[in-house]
Amino acid sequence: MPELPEVETTRRGIAPHVEGQRIVNVIVRDRRLRWPITQDFERHLSQAIIIQTRRRAKYLLIDLDSGATVMIHLGMSGSLRMTTANELPRKHDHVDVVLESGMLLRYHDPRRFGSMHCFVGQSHALLEHLGPEPLSADFTGEYLFQQSRKRGSAVKLFIMDAKIVVGVGNIYANEALFMAGIRPDRPANGISKKRYMALAESIKAVLANAIEVGGTTLRDFVGGDGKAGYFAQSLQVYGRGGDRCKRCKVTRLREIRQSSRATVYCTRCQR
DNA sequence: ACTGGCACCTGGGCGC
DNA sequence: TGCGCCCAGGTGCCAG
């Protein structure tokens with residue numbers, strides 16, 4: 001389940017291998033991603049030179065010298081890694097982007113919730129109306145507080161709303177709320193500015209830490225399995241329902257469901 | 001404008 | 001051992 005840190009780690013992993021490279025071939029084995037890969041995808045990529053990689057929310061963006069941009073989402077189960085044609089494609093290896101160096105970027109996605117697009121120009125409809133990047137200076141407790149005033153929904157759902165802030169998935173939403181000591185089911189508009197300041201800082205800290213950890217555990221994108229690295233990170237609450245809280249060491253973590261997603265929190269430490 | 005709920009998909013874990 | 005059920009979850013989209 002790639003969250004923002006995994007996408008950023010992936011970007012950093014592939015960047016040195018793809019930037020400056022010419023794309024000499026594109027092999028699409030299965031077009032049935034979340035949105036079918038269109039025929040112009042190969043046409044746009046072929047023979048173009050990769051200028052740079054970027055990330056917006058959980059979208060990985062690859063700018064080409066032709067003015068086009070490749071947009072990749074890893075969905076729930078997607079991964080990207082560098083390899084060579086010597087390694088035969090395995091099940092669910094849907095796309096190869098072959099580079100002049102002989103290396104290739106291989107897209108793997110069993111559930112096919114991910115997507116690959118190519119657009120020409122500045123932006124794409126899917127990138128519009130997105131909230132600020134959580135690690136940017138635009139994202140502050142003040143901002144969260146202002147946005148929350150008319151929101152009666154639970155604070156966890158509020159921070160997972162991409163129109164409010166991008167890149168906060170279920171795992172890190174749970175972790176950030178624990179770190180900030182806020183109950184996930186509290187209405188967003190009933191939380192003070194002071195506590196939103198703590199929450200914004202927690203979101204930044206949790207994501208930044210995961211990127212750092214990912215950077216150390218996922219250094220090898222060549223020949224590695226390309227798997228996400230948050231398992232290496234010690235999660236405080238996610239996946240620990242029924243276990244004792246690591247902070248108070250007394251209360252057993254409570255697990256509930258919010259919009260059919262698992263929410264785990266400590267009834268003593270989170271209010 | 002805001003909210004809740006659904007669909008998409010496969011692998012893995014579980015109970016029987 | 002094997003079968004079948006259920007679940008995980010990002011996010012675009014729809015209905016209320």
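Reminder, nothing fancy here: chain letters follow the sequence lines and each chain counts from 1. Computed from heavy atoms alone, side chains included, the values below leave out hydrogens, waters and symmetry copies.
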List every contact pair, protein side and nucleotides 2-5 of chain B side both N or O, where the distance is under 3.5 Å.
residue	atom	partner	partner atom	Å
B:dT3	OP1	A:G152	N	2.9
B:dT3	OP1	A:S153	N	3.3
B:dT3	OP2	A:R151	NE	3.4
B:dT3	OP2	A:R151	NH1	2.7

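- Using a 4.0 Å cutoff on non-hydrogen atoms, no part of residues 182-192 of chain A comes near DNA chain B.
- In terms of heavy atoms, A:L207 sits closest to A:P134 at CD1-CG, 3.5 Å.
- Here C:dC7 presents its C1' atom at 15 Å from CD1 of A:I171, a figure rounded to the nearest Å.
- If you chain together ILVMFWY residues whose side-chain heavy atoms come under 4.5 Å of each other, A:L104 ends up grouped with A:V24, A:I27, A:V98.
- One interatomic measurement links the two molecules: CG of A:L74 to P of B:dC9, which rounds to 18 Å at whole-angstrom precision.
- Dashed line: the shortest gap from a side-chain N or O of A:R111 to OP1 or OP2 of B:dG12 is not under 4.0 Å.
- A salt bridge links A:E42 with A:R31: the distance from a Lys NZ or Arg NE/NH1/NH2 to an Asp or Glu carboxylate oxygen falls below 4.0 Å.
- An OP1 or OP2 oxygen of B:dG11 is reached within less than 4.0 angstrom by a side-chain nitrogen or oxygen of A:H92.
- Between A:D109 atom CG and B:dT10 atom P there is a gap of 10 Å when expressed in whole angstrom units.
- Legend: side chain to side chain donor-acceptor pair (under 3.5 Å) pairs involving residues 178-189 of chain A, not counting sequence neighbours, sorted by first then second residue: A:R183-A:D185, A:R183-A:Y265.
- Remark: the A:S115 side chain and the A:R34 side chain contain no N/O donor-acceptor pair separated by less than 3.5 Å.
- Axis angle across the helix from B:dC2-C:dG16 to B:dC16-C:dG2, with five pairs used at each end and values rounded to 10°: 50°.
- Counting heavy-atom neighbours within 6.0 Å of A:R254 CZ, excluding the residue itself, gives a total of 12 or less.
- Of the residues in residues 112-125 of chain A, A:R112, A:F113 come within less than 4.0 Å of DNA chain B through at least one heavy atom, sorted by number.
- In the hydrophobic clustering (ILVMFWY side chains linked at under 4.5 Å, chained through shared members), A:L126 is joined by A:W35, A:Y59, A:L61, A:M71, A:F119, A:L127, A:L130, A:V166.
- Between the CG atom of A:L33 and the P atom of B:dT10 there is a distance of 11 Å, rounded to whole Å.
- Taking 4.5 Å as the limit, some side-chain heavy atom of A:N170 sits within range of a side-chain heavy atom of A:M160.
- Taking the side chain as every heavy atom from C-beta outward, A:R106 and A:V95 never approach each other to under 4.5 Å.
- Across the protein-nucleic acid pair, A:K91 atom NZ and B:dT10 atom C1' stand 8 Å apart, rounded to whole Å.
- Looking at heavy-atom distances under 4.0 Å, A:R257 makes contact with sugar-phosphate atoms alone, never a base.
- Regarding A:H108, its NE2 atom lies at a distance of 10 Å from the C1' atom of B:dT10, rounded to whole Å.
- When the side chain to side chain donor-acceptor pair (under 3.5 Å) test is applied to A:S259, no partner is found at least two apart in sequence or on another chain.
- Looking only at side-chain heavy atoms (C-beta outward), A:D96 and A:V26 stay at 4.5 Å or farther from each other.
- The separation between A:N174 atom CG and C:dG10 atom P is 10 Å, rounded to whole Å.
- The stretch residues 113-126 of chain A participates, sequence neighbours left out, in no salt bridge (charged side-chain N to carboxylate O under 4.0 Å, His left out) pair at all.
- As rounded to whole Å, 12 Å separates atom P of C:dC7 from atom CD of A:E255.
- Between A:R54 and A:D63 a salt bridge is recorded (basic side-chain N to carboxylate O distance below 4.0 Å).
- Ion pairing of A:K204 with A:E201 is absent here, as no side-chain N (NZ or NE/NH1/NH2) approaches a carboxylate O to less than 4.0 Å.
- Every pair passing salt bridge (charged side-chain N to carboxylate O under 4.0 Å, His left out) that includes a residue from residues 133-150 of chain A is listed here, sequence neighbours excluded: A:R55-A:E133, A:R56-A:E133, A:E142-A:K193.
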I'd like a list of close polar pairs between nucleotides 4-6 of chain C and the protein, N/O only, cut-off under 3.5 Å.
none

>> Could you go through A:N174 and A:K156, starting from their C-alpha distance and side-chain angles, then the distance that decides it, and tell me whether this counts as side chain to side chain contact (heavy atoms under 4.5 Å, CB included)?
In response: CA-CA 8 Å; A:N174 277 300; A:K156 178 171 174 252; 3.7 Å; yes
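- In terms of heavy-atom proximity, A:T69 sits nearest to A:G121 at OG1-O, 4.5 Å.
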Between protein and nucleotides 12-16 of chain C, what N or O pairs are separated by less than 3.5 Å?
residue	atom	partner	partner atom	Å
C:dG12	OP1	A:Y59	OH	2.8
C:dG12	O4'	A:R34	NH2	3.0

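- Taking the charged nitrogens against the carboxylate oxygens, A:D161 and A:R151 do have a contact shorter than 4.0 Å, which makes a salt bridge.
- Side-chain contact of A:T263 with A:E255: a donor-acceptor pair under 3.5 Å is absent, judged by distance alone.
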